[in-house]
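Note sheet for the following structure.
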Amino acid sequence: MNKLAIHGGPKVKTGAFGTGKRFGEEEKKQLTEVIDNDMLFYFFGNKVFAFQDAFAQLNEMKHCIACSSGTAAVHIAIGTLQLKPGTEVITSAITDMGSLTGILYQNLIPVFADIDPRTYNMDPSSVESCITEKTGAILVVHHSGLVADMDQFRGISDKYHIPLIEDVAQAYLGDYKGHLAGTIGEINAFSLNHFKHITCGSGGMVLTNSDEKRRLAALFLDKCYDREGGKRNPFFLAPNYQMTELQGAVALAQLKKLPGIIERRRILGDRLTGYLQGIPNITPQAIPEGTRHTYFLFLFRIDTDRLQVTTKEFSSALGAEGIPNSANLITGGMPEYAYDIFKNRTAFPQSRHPFVNKEFGTNISYQDTRCPQAEKAFKQVINLQISEFYSDQDIEEMAQAVEKVARYYLISQ
Ligand SMILES: Cc1ncc(COP(=O)(O)O)c(C=O)c1O
């Protein structure tokens with residue numbers, strides 16, 4: 001039997017992973033045009049507007065509004081719903097803090113739904129069980145690039161007349177029964193941070209078919225200044241989340257590369273899924289029929305009942321074989337409700353606002369919040385880095401290393 005590299009045996013992966021440059025002549029050309037134009041402010045420039053048009057067109061949606069980050073995009077989407085402070089917003093127990101920041105800044109209360117243990121997306125039945133008369137929105141996160149069960153969420157949203165928002169930060173061009181991720185909710189948020197499929201350093205956007213939501217989104221990202229109407233008389237509180245022309249230029253160049261990036265990641269990710277399906281006691285993330293993954297991350301579960309190993313040990317052993325990975329599901333190793341900000345209710349200094357507020361009628365504690373499937377996932381799931389620059393051989397070696405480590409811990413029992 002092959003000795004593990006962590007025990008001094010030979011590594012599975014000895015060569016370097018495929019790499020490539022994400023930015024090149026296209027970005028330089030766009031940026032040069034911005035500098036030559038001598039204008040960085042989006043409203044007087046043309047790159048941000050061109051990017052908005054191109055992104056809306058790619059997704060066959062009526063409106064795109066670009067902004068400064070994915071966190072800003074979620075905040076804008078939430079802001080356009082104009083929910084009363086103290087209203088509850090249901091979202092996933094496993095997501096980035098950027099999904100939650102805007103909820104709290106709008107004085108709203110996140111309520112955490114559990115996940116489906118096969119897909120790591122929210123479980124529709126858990127979402128439905130979280131609905132109360134205080135629920136004002138459902139924020140669906142397409143975790144790791146896999147579109148959530150949108151028929152179910154659309155159904156719940158319609159049944160209870162609760163607006164649906166999609167957080168598509170990780171799932172550009174994700175496919176759900178012929179619909180693209182980010183085209184099903186009322187207003188849907190994307191991220192252009194450095195780690196996403198495409199990036200402009202930091203940036204984001206929302207997509208909507210609603211003229212009214214577009215109007216509110218344009219105001220929300222710009223201090224509630226009505227640039228289009230030439231009026232400056234803010235009537236609600238709004239931050240400055242403008243995208244600059246520099247970001248717009250890079251985003252425009254990156255957008256042209258997006259379909260190719262997704263296509264390549266799909267080929268590599270689907271291949272790795274196939275390999276891992278054949279390894280005993282290893283279960284790759286399930287891809288439900290009619291859904292196409294975009295592989296922002298590649299997740300798999302280890303059967304800790306049958307393998308004598310913790311996820312951390314497995315992760316270290318895999319790392320020693322030359323395969324970068326982590327065992328934290330992007331959240332830092334715990335569900336969101338275990339973060340100090342929720343556990344201790346410290347969103348704002350010297351106050352438990354908005355969790356406890358007499359005027360809003362809120363008195364929320366997360367001490368007893370439990371999402372058993374999310375908690376279990378942290379004990380069993382590993383994510384592998386995946387890149388469009390990886391070679392077929394990289395993918396084969398990743399699978400070989402997972403198999404070597406899995407077999408070792410089974411046999412060593
Ligand atoms: C699901 C999700 N939502 C929101 C965000 C926030 O995006 P940004 O980092 O651009 O603010 C991220 C970023 O990691 C994310 O993964």
Side-chain angles (χ1 to χ4, degrees), residues 22 48 51 55 64-79 89-106 108 110 112-113 115 119-122 137-148 150 153 164-174 181-182 185 187-207 217 220-221 239-244 246-248 250-251 254-255 258 265 285 293-299 326 328-336 339 341 374 377 381 383 385-386:
R22 299 176 79 190
V48 173
F51 172 68
F55 194 69
C64 169
I65 291 284
C67 59
S68 55
S69 71
T71 304
V74 178
H75 192 181
I76 291 167
I78 297 275
V89 178
I90 301 170
T91 193
S92 176
I94 300 182
T95 186
D96 183 77
M97 188 62 203
S99 308
L100 306 168
T101 304
I103 297 175
L104 294 174
Y105 268 116
Q106 288 310 103
L108 305 170
F112 297 101
I115 56 157
T119 62
Y120 311 104
N121 278 323
M122 281 198 298
I138 299 170
L139 175 66
V140 177
V141 182
H142 304 304
H143 189 69
S144 70
L146 180 70
V147 191
M150 292 309 290
F153 293 117
L164 195 60
I165 299 177
E166 293 174 69
D167 181 339
V168 204
Q170 303 179 6
Y172 282 98
L173 300 181
I187 180 161
N188 310 309
F190 294 77
S191 164
L192 284 164
N193 82 22
H194 175 79
F195 304 97
K196 298 300 187 272
H197 292 94
I198 55 169
T199 181
C200 62
S202 179
M205 52 276 190
V206 292
L207 281 180
F220 199 93
L221 71 84
N240 176 346
Y241 284 157
Q242 296 168 7
M243 178 181 272
T244 72
L246 296 169
Q247 291 161 298
V250 176
Q254 288 269 294
L255 191 57
L258 180 62
R265 283 194 184 223
Q285 184 178 23
H293 208 311
T294 67
Y295 295 105
F296 172 64
L297 301 171
F298 187 99
L299 308 182
S326 71
N328 69 25
L329 282 165
I330 78 160
T331 64
M334 61 189 114
E336 311 295 325
Y339 282 175
I341 186 172
V381 175
N383 49 19
Q385 281 173 24
I386 190 155

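Both counts, for ligands and for their atoms, begin at 1 and track the order of listing. Basis for what follows: all heavy atoms, side chains included, without hydrogens, waters or symmetry-related copies.
Under 4.0 angstrom from ligand 1, the non-hydrogen atoms of Lys196 all belong to its side chain. With a 4.0 Å cut-off on non-hydrogen atoms, Asp167 touches ligand 1 through its side chain and not its backbone.
Given atom 11 (O) of ligand 1, the protein heavy atom at minimum distance is Thr71 OG1, 2.5 Å. The protein non-hydrogen atom at the shortest distance from atom 5 (C) of ligand 1 is Asp96 OD2, 3.4 Å. Scanning the protein for heavy atoms near atom 16 (O) of ligand 1, the closest one is Gln170 NE2, 2.8 Å.
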Side chain to side chain contact (heavy atoms under 4.5 Å, CB included), that's the test. Do Met122 and Val140 meet it? Break it down for me. CA-CA 7 Å; Met122 281 198 298; Val140 177; 4.0 Å; yes
Where do Val168 and Leu207 land on the side chain to side chain contact (heavy atoms under 4.5 Å, CB included) test, with the steps shown first? CA-CA 10 Å; Val168 204; Leu207 281 180; over 6 Å; no
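Heavy-atom proximity to Val141, at under 4.0 Å, picks out these atoms of ligand 1: 1 (C). Short contacts between ligand 1 and Gly70, defined as distances under 4.0 Å to a heavy atom of the residue, involve ligand atoms 6 (C), 7 (O), 8 (P), 10 (O), 11 (O). Of all the atoms in ligand 1, the ones that sit under 4.0 Å from a non-hydrogen atom of Thr95 are 1 (C). Close contacts between ligand 1 and Asn193 involve ligand atoms 8 (P), 9 (O), 10 (O), 13 (C), 14 (O) [criterion: under 4.0 Å to a heavy atom]. For ligand 1 and Ser191, the ligand atoms under 4.0 Å from any heavy atom of the residue are 7 (O), 8 (P), 10 (O).
Thr199 places a side-chain N or O within donor-acceptor distance of the main-chain N or O of Leu192, the cut-off being under 3.5 Å. Without hydrogens or angle criteria, Glu166 side chain to Gly185 main chain gives a donor-acceptor distance under 3.5 Å.
At a cut-off of 3.5 Å, with distance as the only test, no side-chain donor of Gln285 or His143 sits close to an acceptor on the other residue. A side-chain donor from one of His75 and Tyr241 sits under 3.5 Å from a side-chain acceptor of the other.
Under the 30°/60° scheme for interplanar angles, the aromatic rings of Tyr172 and His197 are found to stand perpendicular.
Residue contacts with ligand 1 include Ser99, since one or more of its heavy atoms lies under 4.0 Å from the ligand.
You'll find the side chain of Leu146 stays beyond 4.5 Å of the side chain of Tyr120, heavy atoms only.
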